[in-house]
Number of protein chains: 2
Amino acid sequence: MTLPLGEAIRRAFEQRILSGALKPGVRLPTEQEIMAEFGCSRMTVSKALTALAGAGLIERRKRAGTFVARPRVHSMVLEVPDLAALVAARGQTYRFRLDRRERAVASEGHLAGQPVLHLTGVHFADGTAMAFEDRTVSLAAVPEIAAADLAAEAPGTWLLHHVPWTEADNRITAVATSSAEARLLDVAEGAPCLCVERRTWRGDAPVTSVRQLFVAGSYELLAHFGPGGAA
Amino acid sequence: MTLPLGEAIRRAFEQRILSGALKPGVRLPTEQEIMAEFGCSRMTVSKALTALAGAGLIERRKRAGTFVARPRVHSMVLEVPDLAALVAARGQTYRFRLDRRERAVASEGHLAGQPVLHLTGVHFADGTAMAFEDRTVSLAAVPEIAAADLAAEAPGTWLLHHVPWTEADNRITAVATSSAEARLLDVAEGAPCLCVERRTWRGDAPVTSVRQLFVAGSYELLAHFGPGGAA
DNA sequence: GTGCGTATAATGTCTATACATTATAAAATC
DNA sequence: GATTTTATAATGTATAGACATTATACGCAC
């Protein structure tokens, strides 16, 4: 397990920072000095420091040097799985029931003024209602969806497989179910639900906006922060 | 705005992948071929591909080549702000009321068996209860907290300022308030709350675990996916 | 055919060097 | 003294090459 030199340098400084040996705001050695300490070339040092900067542990300033970053807000990586895949992974049977499908012109939101397909339906896991979904898809951005069989494949899954997006934002809240929603999800009115509202774009063009209501207990969002981010 | 060459290469392939020109599973050109296409050295290509691999867009396999990653789960960047800073940013007055503070030995969870400080309290925005917090802090990992004035600074804020962590995971759910929680938050029993459970580590050492209950409507989590990821 | 070794093509890491960029510090000017 | 200019020290990007590593593919023996 001979660690690559660059990785060794990265870890060495990570260690020094996390142990408190190097405190926030303190300037760390110049790349030249680190080269000398580890007996390697500057590129190797630079790569290690670039990785640490990417992880938010240090801040690099030209001419001034490299400094231990002050602890800021942490950004976590939120996993947003495809519902069909998630349910299948739990060993349950997934089904989506499409309740409504109609063309319209969006009157509000980021799709306002565009011809859209308006879809509502319910996600089931082993026959139990798990989530209610209200989705609007731009027919300008995704004309192919007009011909899609959305009874066979849920709109979210279909979109995932057919339309890559470049940008998305999510709003995650807790809400109480309305009476209509409670009926669809087979829970008591006012029962707590996790609400995810997502809007997506492909470049500048809005693609879809969706509001998903998850029955409490049937679903949880997981987010992670860690070395490399992808770990 | 002359883009650095490596960044130009990164964007070019990001574009080709997101636009669908390069589909999941497809092999992209070898580093040699990309060198030729952009007229640059292999290190530059490699750096660009390493960045894309870090973002999860591609997968690199020795001997085999580089492939467009299959769209697994979408990874969004979740902002986890400090509550005190968040409330202040909304122009409201923040206060934390510490209700309980006691030493114990954790009996469960990732801190099990360790001496810990057990803390509960309520976050207020302009005098209105916003969130209930139940936190356990490892005294082994953070001995300094024994001497901290947690009435002046909420535990989360104190930890953010004093103890960097390297790893964290979060579980986000919706729950109904218990009667005790409802009383503390001044809401009806069973009212929906956004529940965030977070565990953090410094290296291998567990640092803290916390359960925060946010009154519905008082708080929302925001996550974003966009070009660059680090942008 | 089946299994095993070996060649090989691709990525992974590193070096030594060069020049670009830029924020700071020092010097020159007003 | 205040302002502007210039020098400089640090990071930022890139090159061209070298060798390491490793999964695949091919060929050979059985």
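The figures here come from the full heavy-atom set of this structure, side chains too, leaving out hydrogens, waters and symmetry mates. Keep in mind that this is a model prediction, so the values were computed, not measured. Naming convention: chains lettered A, B, ... in sequence-line order (proteins, then strands); numbering from 1 in each chain.
Within the nucleic acid shown, B:Thr50 has no heavy atom closer than 4.0 Å to any nucleic acid atom.
Side-chain atoms of B:Glu220 and A:Thr173 include no donor-acceptor pair closer than 3.5 Å. A:Glu79 and A:His224 share no side-chain donor-acceptor pair at under 3.5 Å.
Where B:Arg63 and A:Arg61 meet DNA chain C, the nucleotide closest to each residue was compared, and B:Arg63 sits on the side nearer the 5' end.
Listed candidates were C:dT15, C:dG12, C:dC14. Nearest to the side chain of A:Cys40 is C:dT15. Considering only the side chain of B:Lys62, C:dT11 comes nearest among C:dA23, C:dT13, C:dT11.
Taking the ring centre of B:Phe67 as origin, the terminal cationic atom of B:Arg61 falls inside the region bounded by 6.0 Å and 45° from the ring axis.
A:Glu7 has its CD atom 15 Å from the C1' atom of C:dC14, to the nearest Å. With rounding to whole Å, B:Lys47 atom NZ is found 16 Å from C:dT15 atom C1'. The separation between A:Phe38 atom CZ and C:dT13 atom C1' is 16 Å, rounded to whole Å. Atom-to-atom, CE of A:Met43 to C1' of C:dC19 comes out at 14 Å; the value is rounded to the nearest Å. Spacing between atom CG of A:Leu3 and atom P of C:dG12 amounts to 16 Å, rounded to whole angstrom units. Atom CZ of A:Arg42 and atom C1' of C:dC19 are 11 Å apart (whole Å). The nearest whole Å value for the distance from the CD atom in B:Glu33 to the C1' atom in C:dT11 is 14 Å. For the pair A:Arg27 CZ and C:dT24 P, the interatomic distance rounds to 12 Å; values are reported in whole Å.
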- A:Glu7 vs A:Arg10, salt bridge (charged side-chain N to carboxylate O under 4.0 Å, His left out): CA-CA, chis, key distance, verdict: CA-CA 5 Å; A:Glu7 178 62 15; A:Arg10 215 212 88 240; 2.6 Å; yes
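The aromatic rings of B:His110 and B:Trp201 lie perpendicular to each other, with more than 60° between the two planes, well past the 30° mark.
Considering only side-chain N and O atoms, A:Thr44 lies nowhere under 4.0 angstrom from the phosphate OP1 or OP2 of C:dT13.
A donor-acceptor contact shorter than 3.5 Å links the side chain of B:Thr208 to the backbone of B:Thr136.
Taking every nucleotide of DNA chain D with any atom under 4.0 Å from a non-hydrogen atom of chain A, the first and last of them, 5' to 3', are D:dT8 to D:dA14.
You'll find the side chain of A:Leu159 stays beyond 4.5 Å of the side chain of A:Thr200, heavy atoms only.
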